[in-house]
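To start, the structure itself, in structure tokens.
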Amino acid sequence: MPELPEVETIVRALRSGGRGGLPILNRTVESTEVLWSKTLASPTLDELHIQVRGQIVKDVLRRGKYIIIQLDRGYLLIHLRMSGDLRVTSAIKDTPLPHDRFVLRFADGIRLIFNDARKFGRVWFTRDPEQILGKLGVDPFDPSLTAPFLFSNLQSKKKHIKSLLLDQSFLAGLGNIYTDESLHRAGIHPLRLSNSLTKPEAGRLLQAIRDTLEEGINRNGASIDWVYRGGDFQNCFRVYQLTGKPCPVCGTIIERIIAGQRGTHFCPRCQPKGV
DNA sequence: CCTGAAACCTGTCTGC
DNA sequence: TGCAGACAGGTTTCAG
């Protein structure tokens with residue numbers, strides 16, 4: 001499901017409410033429950049219990065697609081992967097759902113519940129988050145990511161641009177939807193080699209990525225299928241899952257190819273293959 | 001260093 | 001109706 005805008009939407013809801021949920025800031029952890037053992041990546045269940053009990057939620061942050069729940073002494077990290085979602089339930093209205101995998105129960109009875117149909121999502125508790133987050137590349141909104149910096153990074157690699165943008169160690173936060181949408185907005189073919197992009201193209205790409213993500217965040221993410229609800233960015237797609245439909249810019253029929261094992265949508269006219 | 005395939009999983013949709 | 005196959009917002013690991 002979730003790429004940067006969906007994760008950002010969830011993080012904001014955990015900080016200050018939204019999506020029909022309650023904020024979790026300043027609540028005290030009482031206990032944890034693991035309903036699918038693989039969901040807890042580390043430490044062990046016993047160790048987790050000992051470590052987090054009594055700790056207070058100090059902040060909720062995002063890095064790439066990771067949700068960071070900052071406690072007094074340590075961090076809970078959550079990655080939603082393909083089908084994960086988080087909800088906060090009050091003590092009264094607390095109906096368990098199919099696919100609930102992990103529960104953080106607070107002293108006041110409120111629960112943070114991790115639901116994940118496909119079981120790919122993971123939760124970590126660690127004192128040193130960099131151990132897990134350190135491999136991530138720069139965040140798209142990081143001011144240190146300038147057009148010249150992106151250009152030189154693109155030059156240093158020789159990969160299909162679509163695959164490179166999906167590589168979280170290169171840039172942290174883009175997934176399949178926002179990559180396709182950003183490349184269309186920038187007018188760049190998904191199979192162009194990264195080191196073939198010109199300086200102006202790198203500048204356009206950076207702007208397109210930021211504009212696309214910002215629009216996604218403003219619309220609370222994209223709701224597709226049964227997995228994620230609440231956003232409406234799906235109504236603004238230009239190419240994603242629009243195979244056979246006309247490009248909103250030029251009317252050419254949108255094509256679908258496979259790039260880096262992922263379904264990839266583009267306009268052959270707005271995004272020519274030739275340099 | 002790069003690509004492609006497979007693995008981890010379940011749910012939904014399409015076509016026969 | 002039933003069933004097989006394709007496909008899905010992600011990441012890691014391994015072979016070539």
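Proteins get letters first, then strands, A, B, ... in listed order; numbering begins at 1 in each. Worth knowing before you read on, the calculation uses all heavy atoms, side chains too, and leaves out hydrogens, waters and symmetry mates. Bear in mind that the values here come from a model prediction, so they are computed numbers and not experimental data.
- No donor-acceptor pair closer than 3.5 Å links the side chain of A:Ser16 to the backbone N or O of A:Ala13.
- Checked by atom type, the side-chain pair A:Thr126/A:Asp128 shows no donor-acceptor distance below 3.5 Å.
- Within 4.0 Å (heavy atoms only), A:Arg256 reaches sugar-phosphate atoms of the nucleic acid but no base atom.
- Side-chain atoms of A:Ser169 and A:Asp167 include a donor-acceptor pair closer than 3.5 Å.
- Between the CG atom of A:Asp167 and the C1' atom of C:dG10 there is a distance of 12 Å, rounded to whole Å.
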Which nucleotides of DNA chain B pair, in dot-bracket form (Watson-Crick or G-U under 3.5 Å, | meaning another strand): .|||||||.|||||||
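- Residue A:Leu242 contributes atom CG, which lies 13 Å from atom P of C:dA8 at whole-angstrom precision.
- Residues A:Lys157 and A:Asn195 have side chains not in contact (no heavy-atom distance under 4.5 Å, counting atoms from C-beta outward).
- Between A:His79 and C:dG10 there is no side-chain polar atom (N or O) within less than 4.0 angstrom of OP1 or OP2.
- As a whole-Å value, the separation of A:Phe170 CZ from C:dT12 C1' is 20 Å.
- C:dT12 atom P lies 11 Å from atom CZ of A:Arg122, rounded to whole Å.
- Atom NZ of A:Lys162 and atom CG of A:Leu174 lie 10.0 Å apart (nearest 0.5 Å).
- Computed from coordinates, the A:Trp226 CH2 to C:dC7 P distance equals 17 Å when rounded to whole Å.
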CA sep, side-chain torsions, deciding dist, call: A:Phe114, A:Trp36, ring-ring contact (aromatic ring centres under 6.0 Å, His included): CA-CA 11 Å; A:Phe114 177 48; A:Trp36 174 256; over 10 Å; no
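- Under the 3.5 Å distance criterion, with hydrogens and angles disregarded, a donor-acceptor pair is assigned to the side chains of A:Asp211 and A:Gln207.
- For the pair A:Tyr66 OH and C:dG10 C1', the interatomic distance rounds to 10 Å; values are reported in whole Å.
- If you take CD of A:Gln241 and P of C:dA6, they are 18 Å apart, rounded to a whole angstrom.
- Side-chain contact, A:Gln234 with A:Tyr228: no donor N or O sits under 3.5 Å from an acceptor N or O.
- Close to C:dG10, at under 4.0 Å from its OP1 or OP2, lies no side-chain N or O of A:Gln168.
- Among the heavy atoms of the strands lying under 4.0 Å from A:Asp225 is at least one base atom, whether or not backbone atoms are also near.
- Side chains of A:Asp100 and A:Asn115: a donor on one and an acceptor on the other come within 3.5 Å.
- Between A:Lys135 and C:dT11, a side-chain N or O to OP1/OP2 separation shorter than 4.0 Å is absent.
- Distances shorter than 4.0 Å separate some side-chain N or O of A:Arg262 from OP1 or OP2 on C:dG10.
- Here the separation of C:dG2 from B:dC9, taken at their C1' atoms, is 23 Å to the nearest Å.
- Where A:Lys157 and A:Lys38 each meet DNA chain B at their nearest nucleotide, the meeting point lying more 5' is that of A:Lys157.
- Boundaries of the chain A contact region on DNA chain B are B:dC2 to B:dT12, first to last in 5' to 3' order (nucleotide atom under 4.0 Å from a heavy atom).
- As judged by a 4.0 angstrom heavy-atom cut-off over every strand, A:Tyr240 is placed among residues touching the sugar-phosphate backbone only.
- A salt bridge is absent between A:Arg63 and A:Asp139: the closest approach of a Lys/Arg side-chain nitrogen to an acidic carboxylate oxygen does not fall below 4.0 angstrom.
- Look at the P atom in both C:dG5 and B:dA6: the space between them is 15 Å, to the nearest Å.
- The nearest whole Å value for the distance from the CD atom in A:Gln261 to the C1' atom in C:dT13 is 12 Å.
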